[in-house]
Amino acid sequence: RMGAVIADADFRLCPPHVQEALRTLYSEMDGYAVNKASILTLLKSIIPQAGFTGGCVFVIDPSTSSLKPRTVIGQVNLRAIQNISLEPGDLAVAALGQTEPLFDLKDDASAQPIEGIYSALGEQRKVGVLYLETPKQVNEVPEGKTIGTYNILKRALCDVLHLK
């Protein structure tokens with residue numbers, strides 16, 4: 001599984017310390033059991049190290065037809081962290097129907113612009129959404145670095161959770 005991730009072009013876009021942390025994470029991954037410690041390491045340590053200042057893992061709750069915030073990461077600035085009913089209008093809900101990530105850019109003249117990235121978790125069966133925020137570098141080159149890192153972190157989360 002790690003081989004597939006390392007071979008991915010996105011992996012090379014990750015900062016070197018993040019690549020290293022992910023290698024360690026994968027080396028400790030169990031083929032069958034979901035390791036709570038690995039999930040926490042990824043969410044509370046590796047994701048912030050990768051430059052994401054805030055975020056949330058939302059999980060679909062079929063009983064209430066909503067996305068429920070499960071784990072909050074860092075400081076979330078662009079959105080309220082609350083249950084989201086599965087109706088159109090919220091980017092988190094829209095992301096469930098998309099294969100590519102969705103972006104929300106908050107450009108406030110006074111502060112550094114922040115970009116929010118949403119993407120569905122799970123391919124065969126959508127189980128939730130990974131939402132991460134990152135300070136937007138005005139002239140970031142290459143533009144693909146942030147999204148490449150996001151994609152790898154999302155894949156790692158799916159792998160740690162054993163999502164298909």
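Here, residue 1 is the first one in the sequence, and each next residue gets the next number.
When the side chains of ILVMFWY residues are joined at heavy-atom separations under 4.5 Å, either directly or via intervening members, L40 and L22 end up in two distinct hydrophobic clusters. One hydrophobic cluster holds both L157 and V34 under the rule that ILVMFWY side chains link at heavy-atom gaps under 4.5 Å.
The shortest side-chain heavy-atom distance between R155 and D8 falls under the 4.5 Å cut-off. You'll find the side chain of V18 reaches within 4.5 Å of the side chain of I46, heavy atoms only. By the 4.5 Å heavy-atom criterion applied to side chains, I152 and C14 are counted as neighbours. Annotation: side chain of N35 is not in contact with side chain of I39 (no heavy-atom distance under 4.5 Å). The side-chain heavy atoms of I73 and C56, taken from C-beta on, include no pair separated by under 4.5 Å. The shortest side-chain heavy-atom distance between T149 and D10 does not fall under the 4.5 Å cut-off. At least one side-chain heavy atom of L132 sits less than 4.5 Å from a side-chain heavy atom of Y150. Between V59 and L121 the shortest side-chain heavy-atom distance does not fall below 4.5 Å.
Taking CZ from R70 and CG from L43, the interatomic distance works out to 11.5 Å, rounded to the nearest 0.5 Å. K68 NZ to Q82 CD: the interatomic distance, rounded to the nearest 0.5 Å, is 12.5 Å. Within the model, atoms CD of E28 and CZ of R23 stand 14.0 Å from one another, a figure rounded to the nearest 0.5 Å. Note: L153 CG to L130 CG = 8.0 Å, rounded to the nearest 0.5 Å. Taken to the nearest 0.5 Å, the CD1 atom of I147 stands 4.5 Å off from the CD1 atom of I117.
With salt bridges taken as basic N to acidic carboxylate O contacts below 4.0 Å, one links R79 and D90.
In this structure, I114 shares a hydrophobic cluster with F58, I60, L67, V72, V76, L78, I81, I84, L86, L91, V93, L96, L102, Y118, V129, Y131, the cluster being traced through Ile, Leu, Val, Met, Phe, Trp and Tyr side chains under 4.5 angstrom apart. Grouping Ile, Leu, Val, Met, Phe, Trp and Tyr residues whose side-chain heavy atoms lie under 4.5 Å apart, directly or via other members, leaves L105 alone, with no other cluster members.
Listed here is the closest heavy atom pair of G122 and C158: N-SG, 3.7 Å. Closest of all the heavy-atom pairs between K126 and A120 is CD-CB, 3.4 Å.
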For this session: Starting from the C-alpha separation in whole Å, work towards a yes-or-no answer on side chain to side chain contact (heavy atoms under 4.5 Å, CB included) for N83 and D61.
Result: CA-CA 9 Å; N83 290 352; D61 177 3; over 6 Å; no
Exercise. So S38 and V160, side chain to side chain contact (heavy atoms under 4.5 Å, CB included) or not? Walk me through it.
Worked result: CA-CA 7 Å; S38 293; V160 171; 4.0 Å; yes
Problem set entry | Check against side chain to side chain contact (heavy atoms under 4.5 Å, CB included), T53 and Q75 | CA-CA 6 Å; T53 51; Q75 174 77 43; 6.0 Å; no
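Looking at E115, its side chain never comes within 3.5 Å of a backbone N or O of E133 through a donor-acceptor pair.
Between the side chains of E20 and T24, no donor N or O sits under 3.5 Å from an acceptor N or O.
Annotation: salt bridge (Lys or Arg N to Asp or Glu O under 4.0 Å) contacts of K44 (sequence neighbours excluded): none.
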